[in-house]
Engineer: 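One structure follows; several queries about it will come next.
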Amino acid sequence: MNTSQEVLRILDEVLSLKGRSLSFQRSTPLLGAIPELDSMAVISLIGAFEEQFGMVIDDDDIDGATFATIGSLSDFVSSKLPT
């Protein structure tokens, strides 16, 4: 499973989207477009990404642009993967 697919799976699971994320594309807007994605959900997602990918995400790494679209979120997660 590639990073983008894993990000979608985690989004679906953490936000309880019941498979809705299967139709998401890189350009699908997130923050402000998906009601389930509130500030508490962002914290839960960050924790899930850290656990799933074995990464550490600092508060300074996150801004609104990170959660703008599926693509921006996937790119962010990819950039934080341990090498």
Engineer: Answer yes or no: is there a donor N or O on one side and an acceptor on the other, between the side chain of Q5 and the main chain of N2, under 3.5 Å?
Structural biologist: yes
Engineer: Less than 4.5 Å apart, any side-chain heavy atom of F49 and any of L81?
Structural biologist: no
Engineer: Do K80 and D61 meet the salt-bridge criterion of a basic N to acidic O distance under 4.0 Å?
Structural biologist: yes
Engineer: With rounding to the nearest 0.5 angstrom, report the CD to OG distance, Q25 to S4.
Structural biologist: 11.0 Å
Engineer: On a heavy-atom basis, which atom in S44 and which in V14 lie closest, and how many Å separate them?
Structural biologist: CB-CG1, 3.7 Å
Engineer: Would you mind checking if K18 and E13 are paired as a salt bridge, meaning a charged N to carboxylate O distance below 4.0 Å?
Structural biologist: no
Engineer: Can you name the nearest heavy-atom pair linking R26 to S74, along with the distance?
Structural biologist: NH1-CB, 4.3 Å
Engineer: If Ile, Leu, Val, Met, Phe, Trp and Tyr residues are connected whenever their side-chain heavy atoms lie under 4.5 Å apart, and connections chain through other members, are I43 and L37 in the same group?
Structural biologist: no
Engineer: With no hydrogens and no angle check, is any side-chain donor or acceptor of D38 less than 3.5 Å from a backbone partner on M40?
Structural biologist: yes
Engineer: Taking all non-hydrogen atoms of both residues, which atom of F53 and which atom of E6 are closest, and how far apart?
Structural biologist: CZ-CG, 3.4 Å
Engineer: Is it true that a side-chain atom of T69 and a backbone atom of P29 form a donor plus acceptor pair closer than 3.5 Å?
Structural biologist: no
Engineer: Check D12 against S21 and note the closest heavy-atom contact, atom names and distance.
Structural biologist: OD1-OG, 3.0 Å
Engineer: Any non-hydrogen side-chain atom of L11 less than 4.5 Å from a side-chain atom of L73?
Structural biologist: yes
Engineer: Has the side chain of E50 got a donor or acceptor atom that lies under 3.5 Å from a matching backbone atom of I57?
Structural biologist: yes
Engineer: Between L45 and I10, is any pair of side-chain heavy atoms under 4.5 Å apart?
Structural biologist: yes
Engineer: Spell out, as yes or no, whether a donor-acceptor pair under 3.5 Å connects the side chain of T66 to the backbone of I62.
Structural biologist: no
